[in-house]
Amino acid sequence: MTHPFEIELESTLPASPQQVWDAIATGPGIDSWFMGRNEVEPREGGTAAMDTGGHREEAVVTAYEPGTRFATRTGTGEDGRFMAFEYLIEGRDQGSTVLRVVHSGLLGDDWEDEYDALRRGWPFHLHTLREYLTHFPGRTAVPVFALAMPQEQSPREVTAALTRALSLPASMSAGTPVHAQPAGLPPLNGEVVWADDERFAIRTDDGLYAFHHGTGGPVLMFHHLFGADTDGAETAWQKWLTGLLA
């Protein structure tokens, strides 16, 4: 049995409507703050695709009004499930822009847990979008994705392993300084910009680094790298995460 849902959020962003449009309606823009590698065919009826770890999901562009409105809808599954996304852009004074996001659709039998995860995730994603537009305007990132399953570690042990490997305190919060040297990777020097029971994020001069943990499932990393040297970064981060949880 399917269950309808709708999540609506609004955020005032320190960017022009054109900058926000480029971030939410182009492949390179979405790569710079959301999840996976993205492609957008710039027309109504076109295809919007996201590839995460080799899993590709496609949607149809249902609205394409540059600078104003962008919307997509996935196909309907055999069980009736689908997801739709709508972004509404409105310019405001002093160069800011209001972005309204509506995420709706039909979820399956485990809809309560899935809805709760979506509801908790969106504020984090919009915060990442704000970080991107504030600190990396006019630039696009190389997305890095990694996934590993904990062996027998509890969520608390996974969190402890991550924070220890990144030289972070157990009770970190936004603003906590970061000076880490992950094994086999370039150093991370910056600050924590998000921390809750399920995820934390770090901003450096050349990247946004997100670590999703604490759910009892796989540990995920969604990084956005703006530096010049990104060759091999995804392979290196995957190796680091796999080794950490081995």
Side-chain angles (χ1 to χ4, degrees), residues 5-52 55-75 82-105 115 117-145 193-194 199 201 203 207-210 212 220-226:
F5 79 97
E6 182 173 290
I7 299 169
E8 184 173 335
L9 303 96
E10 185 175 288
S11 180
T12 300
L13 299 168
S16 69
Q18 183 62 51
Q19 289 174 309
V20 175
W21 175 262
D22 290 342
I24 59 95
T26 70
I30 301 169
D31 286 352
S32 301
W33 66 276
F34 200 49
M35 299 182 293
R37 288 175 167 80
N38 297 269
E39 303 169 9
V40 176
E41 192 176 357
R43 63 178 179 86
E44 187 172 329
T47 298
M50 175 185 291
D51 186 295
T52 306
H55 173 72
R56 180 181 173 90
E57 184 168 352
E58 294 188 351
V60 175
V61 177
T62 56
Y64 190 86
E65 303 169 20
T68 303
R69 180 172 178 248
F70 178 67
T72 64
R73 186 188 189 279
T74 66
F82 75 90
M83 289 195 180
F85 302 84
E86 182 180 35
Y87 300 87
L88 299 168
I89 297 171
E90 181 183 346
R92 292 288 174 88
D93 294 338
Q94 299 180 339
S96 65
T97 299
V98 173
L99 175 67
R100 185 161 67 92
V101 180
V102 182
H103 183 185
S104 61
Y115 170 78
L118 294 172
R119 179 187 59 80
R120 295 194 309 270
W122 265 111
F124 170 77
H125 292 307
L126 288 181
H127 182 271
T128 305
L129 174 59
R130 172 181 289 276
E131 290 289 315
Y132 166 50
L133 292 171
T134 301
H135 298 281
F136 303 98
R139 302 167 67 181
T140 54
V142 171
V144 165
F145 170 76
V193 294
W194 183 282
R199 59 187 67 81
R203 186 188 72 243
L208 297 168
Y209 299 81
H212 298 253
L220 308 173
M221 298 192 301
F222 293 101
H223 302 337
H224 311 280
L225 308 185
F226 297 90

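Inter-residue side-chain proximity for L133 and T97 is flagged as unmet; no heavy-atom pair is nearer than 4.5 Å. Contact of the F34 side chain with the T128 side chain is not registered, since no non-hydrogen atoms from C-beta on lie closer than 4.5 Å. At least one side-chain heavy atom of R92 sits under 4.5 Å from a side-chain heavy atom of E90. Residues H125 and M35 meet the side-chain proximity criterion, which asks for heavy atoms closer than 4.5 Å. Residues I7 and Y115 meet the side-chain proximity criterion, which asks for heavy atoms closer than 4.5 Å. The shortest side-chain heavy-atom distance between F222 and L208 does not fall under the 4.5 Å cut-off. Between L99 and L129, the closest side-chain pair of non-hydrogen atoms falls below 4.5 Å.
Under the rule for a ring pair (Phe, Tyr, Trp, His ring centres under 6.0 Å), the partners of Y132 that lie at least two apart in sequence or sit in another chain are F226. Every residue two or more places apart in sequence or in another chain was checked for a side chain to side chain donor-acceptor pair (under 3.5 Å) with E57, and none qualifies. Remark: E10 pairs with no residue by the side chain to side chain donor-acceptor pair (under 3.5 Å) rule, at least two apart or across chains. Legend: residues meeting side chain to side chain donor-acceptor pair (under 3.5 Å) with R130, ordered by chain and number and at least two apart, are absent. Partners of H127 according to the side chain to side chain contact (heavy atoms under 4.5 Å, CB included) rule, which considers only residues two or more places apart in sequence or in another chain, are E131, V193, W194. For the ring pair (Phe, Tyr, Trp, His ring centres under 6.0 Å) test, no residue two or more places apart in sequence or in another chain qualifies with H135. Shown here are the side chain to side chain donor-acceptor pair (under 3.5 Å) partners of E58, two or more places apart in sequence or in another chain: R56. Shown here are the ring pair (Phe, Tyr, Trp, His ring centres under 6.0 Å) partners of F5, two or more places apart in sequence or in another chain: H103.
Looking only at distances, a side-chain donor or acceptor of H223 sits under 3.5 Å from a matching main-chain atom of A210. A distance-only check finds a donor-acceptor pair linking the side chain of S96 to the backbone of D93 [under 3.5 Å]. At distances below 3.5 Å, not a single donor-acceptor pair connects side-chain atoms of S16 with backbone N or O atoms of G95.
Here the closest non-hydrogen pair linking P17 and G91 is CG-CA, 3.6 Å. Summarising the geometry of Q19 relative to P137, their closest heavy-atom pair is NE2-CB, 4.0 Å, with the distance given to 0.1 Å. Residues P143 and G36 share a closest heavy-atom pair of CB-O, 3.5 Å. Annotation for A25 and V40: closest pair O-CG1, 3.5 Å, computed over non-hydrogen atoms.
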Scan the side chains in residues 42-52 for donor-acceptor partners under 3.5 Å anywhere in the protein, sequence neighbours excluded, and list what turns up.
from	atom 1	to	atom 2	distance (Å)
R43	NE	E41	OE2	3.0
R43	NH2	E41	OE2	3.2
D51	OD1	G54	N	3.1

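Here CD1 of I30 is found 7.5 Å from CD1 of I24. Values are rounded to the nearest 0.5 Å.
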Report the C-alpha distance between V144 and M221 in whole Å, list the side-chain angles of each, state the deciding distance to 0.1 Å, and finish with yes or no for side-chain contact (heavy atoms from CB on, under 4.5 Å). CA-CA 7 Å; V144 165; M221 298 192 301; 6.0 Å; no
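Note: F124 and H212 meet the aromatic proximity criterion, with ring centroids under 6.0 Å apart. Remark: aromatic rings of Y64 and W21 are close, center separation under 6.0 Å.
Within the structure, salt bridge (charged side-chain N to carboxylate O under 4.0 Å, His left out) pairs that include any residue of residues 117-128 comprise D116-R119, D116-R120, R120-E198 (at least two apart or interchain). Within the structure, salt bridge (charged side-chain N to carboxylate O under 4.0 Å, His left out) pairs that include any residue of residues 60-72 comprise E65-R69, R69-E86 (at least two apart or interchain). Within the structure, the salt bridge (charged side-chain N to carboxylate O under 4.0 Å, His left out) test picks out no pair touching residues 18-33 (sequence neighbours left out).
Between F85 and the options T72, T62, V101, a side-chain contact (heavy atoms from CB on, under 4.5 Å) holds for only T72.
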